[in-house]
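Just so it is clear, the structure is predicted and the values come from calculations on it, not from any experiment. A note on names: the letters A, B, ... follow the listed sequences, proteins ahead of strands, and every chain is numbered from 1. The basis for the numbers below is simple: all heavy atoms, side chains too, and nothing from hydrogens, waters or symmetry mates.
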Amino acid sequence: MVPLSWYLLVAAALFCIGVYGVLARRNAIAILMAIELMLNAVNLSLVAFWRYLHPAVTTGQAFALFVLVVAAAEAAAGLALIISIYRNRETVDVENIDLLKG
Amino acid sequence: MTLIQAVFALLAILTLGAGLLTVLSRHLFHAVLYLILSLLGVAGLFVLLEAEFLAGVQVLIYIGAISILIIFAVMLTRGMARNPGPPLNNQSLAAAVIAGLFFVLLAPVIAGFPWPQTTQGVPADTIEALGRSLVDPNQFALPFELASVMILAALIGAIFIAREKR
């Protein structure tokens, strides 16, 4: 059987890849995709904890489901915002979206 | 190395490799395709963890819905796709250092901690129990209803924000 720590290591690596994507990408859609990677990493560790610690209790799976729901809502609202910004500013490059910069 | 461990290694490489290519690829459209591959890898890991329902939901919602939504957004903002320019900003080196350091910090803790492990198998009626717990007032009925309200709010908000103003 695969040890729990392997799953957690994969999840941690996936999360760090997401962190790098959020910090380093210039395109707003790419940043959103990196956030999806991070949410997936969290889900992976939640399900791994569920399987290895309390498989008889459904809490771990339920939490993963709620994370999925929030991810869907976040994607819908975030992409709508990006499309709206693109319509007004003709760019989705976060370097150029600096309306609030003093 | 047993068969299951080999499958795990394959899925882990698929997930992490595709994830890395997602954040690194120059073309946004390729990045979306790699993201789909990475999400598929996570779905495979869910199957390996015996969470079949979540694996199915992952394929349906992430690969079926969210990825398509992202592809739509890529298509609608195609001015960027035609002339991508450098995909990374000028703080990408610092970002790599931060993300790498975070992993270097996490990895020994995860690997060194004596995780308690049950030998208990997954009950056969897990999906039924999950479904019941979502509508059970003593468990997740309230978060479940809140989630549906939030989805509705996100839906209406997304339509309102993204629609053409006249």
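- For a residue to count as touching a neighbouring chain, one of its non-hydrogen atoms must lie under 4.5 Å from one of that chain's; by this rule A:Arg87 touches chain B with the side chain only.
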Please report the C-alpha distance between B:Ser38 and B:Thr15 in whole Å, then the side-chain angles of each, then the deciding distance to 0.1 Å, and finally whether the side-chain hydrogen bond (donor to acceptor under 3.5 Å, both in side chains) criterion is met. CA-CA 4 Å; B:Ser38 183; B:Thr15 306; 5.3 Å; no
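- The greatest number of non-hydrogen atom pairs below 4.5 Å with chain A, out of B:Leu35, B:Leu11, B:Asp125, is found for B:Leu35.
- Counting all heavy atoms, side chain and backbone alike, B:Leu54 lies closest to A:Val47 at CD1-CG2, 3.4 Å.
- In this structure, chain A has no heavy atom under 4.5 Å from any part of B:Ile159.
- Under a 3.5 Å cut-off, the side chain of A:Arg25 and the backbone N or O of B:Val23 do form a donor-acceptor pair.
- Neither the backbone nor the side chain of B:Leu155 comes within less than 4.5 Å of any heavy atom in chain A.
- With respect to chain A, the highest number of heavy-atom pairs below 4.5 Å among B:Gly157, B:Ala12, B:Ala96, B:Ser148 belongs to B:Ala96.
- For chain A, the option among B:Val7, B:Leu48, B:Leu146, B:Ile98 with the highest count of heavy-atom pairs below 4.5 Å is B:Leu48.
- Using a 4.5 Å cut-off between heavy atoms, B:Leu106 contacts chain A through its side chain alone, with no backbone atom that close.
- In terms of heavy-atom pairs under 4.5 angstrom with chain A, the leader among B:Ala147, B:Ser133, B:Ala111, B:Pro143 is B:Pro143.
- A:Phe15 is not connected to B:Val109 by any chain of hydrophobic side-chain contacts under 4.5 Å among Ile, Leu, Val, Met, Phe, Trp and Tyr, and they are in different clusters.
- Residues A:Phe49 and B:Trp115 bring their aromatic ring centres within 6.0 Å.
- Contact annotation for B:Phe113: neither backbone nor side-chain heavy atoms come within less than 4.5 Å of a heavy atom of chain A.
- The hydrophobic cluster containing B:Ile151 does not contain A:Phe63, counting ILVMFWY residues as joined when their side-chain heavy atoms lie under 4.5 angstrom apart, directly or transitively.
- For the set A:Ile83, A:Leu37, A:Ile31, A:Ile85, the entry with the most heavy-atom pairs within less than 4.5 Å of chain B is A:Leu37.
- Proximity to chain A (any heavy atom under 4.5 Å) is restricted, for B:Ile61, to the side chain, taken from C-beta onward.
- For the set A:Leu68, A:Asn43, A:Ile82, A:Val57, the count of heavy-atom pairs under 4.5 angstrom toward chain B peaks at A:Leu68.
- Chain B forms the most heavy-atom pairs under 4.5 Å with one residue out of A:Ala80, A:Ala24, A:Gly18, and that residue is A:Ala24.
- Heavy-atom distances place no part of B:Ala65 under 4.5 Å from chain A, backbone and side chain included.
- Although no hydrogens or angles enter the test, the distance criterion places a donor-acceptor pair under 3.5 Å between the side chain of A:Asn40 and the main chain of A:Glu36.
- Looking at A:Val70, the atoms closer than 4.5 Å to chain B (heavy atoms on both sides) sit in the backbone and in the side chain alike.
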Given side-chain contact (heavy atoms from CB on, under 4.5 Å), test B:Phe8 with B:Ile13 step by step and report yes or no. CA-CA 9 Å; B:Phe8 172 86; B:Ile13 290 167; over 6 Å; no
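- Ranked by heavy-atom pairs under 4.5 Å with chain A, the first of B:Met150, B:Arg132, B:Gln91 is B:Met150.
- Proximity to chain B involves both the backbone and the side chain of A:Tyr20, based on heavy atoms less than 4.5 angstrom apart.
- Of the residues listed (B:Leu45, B:Val42, B:Leu20), the one engaging A:Leu14 in a side chain to side chain contact (heavy atoms under 4.5 Å, CB included) is B:Val42, and it is the only one.
- When B:Ala162, B:Ala31, B:Ala154 are compared by the number of non-hydrogen pairs under 4.5 Å with chain A, B:Ala162 comes out ahead.
- In terms of non-hydrogen atom pairs under 4.5 Å with chain B, the most contact-rich of A:Leu81, A:Val19, A:Val2 is A:Val2.
- Using a 4.5 Å cut-off between heavy atoms, B:Phe160 makes no contact with chain A at all.
- Contact annotation for B:Leu134: only side-chain heavy atoms (C-beta onward) come within less than 4.5 Å of a heavy atom of chain A.
- Of all heavy-atom pairs spanning A:Val22 and A:Ala34, the tightest one is N-CB, 3.6 Å.
- Follow the hydrophobic side-chain contacts under 4.5 Å out from A:Ile35 and you never reach B:Leu21; the two are in separate clusters.
- At a 4.5 Å heavy-atom cutoff, the contact between A:Ala71 and chain B is made by backbone and side-chain atoms alike.
- Cluster note: B:Leu105 groups with no other residue, as no ILVMFWY side-chain heavy atom lies under 4.5 Å from it.
- When heavy atoms are compared at a cutoff of 4.5 Å, A:Gln61 approaches chain B by way of both its backbone and its side chain.
- Taking the side chain as every heavy atom from C-beta outward, B:Phe140 and A:Thr59 approach each other to under 4.5 Å.
- Criterion: ILVMFWY side-chain heavy atoms under 4.5 Å apart, direct or through other members. Under it, B:Ile36 and B:Val74 are part of a common hydrophobic cluster.
- Both the backbone and the side chain of B:Val32 come within less than 4.5 Å of a heavy atom in chain A.
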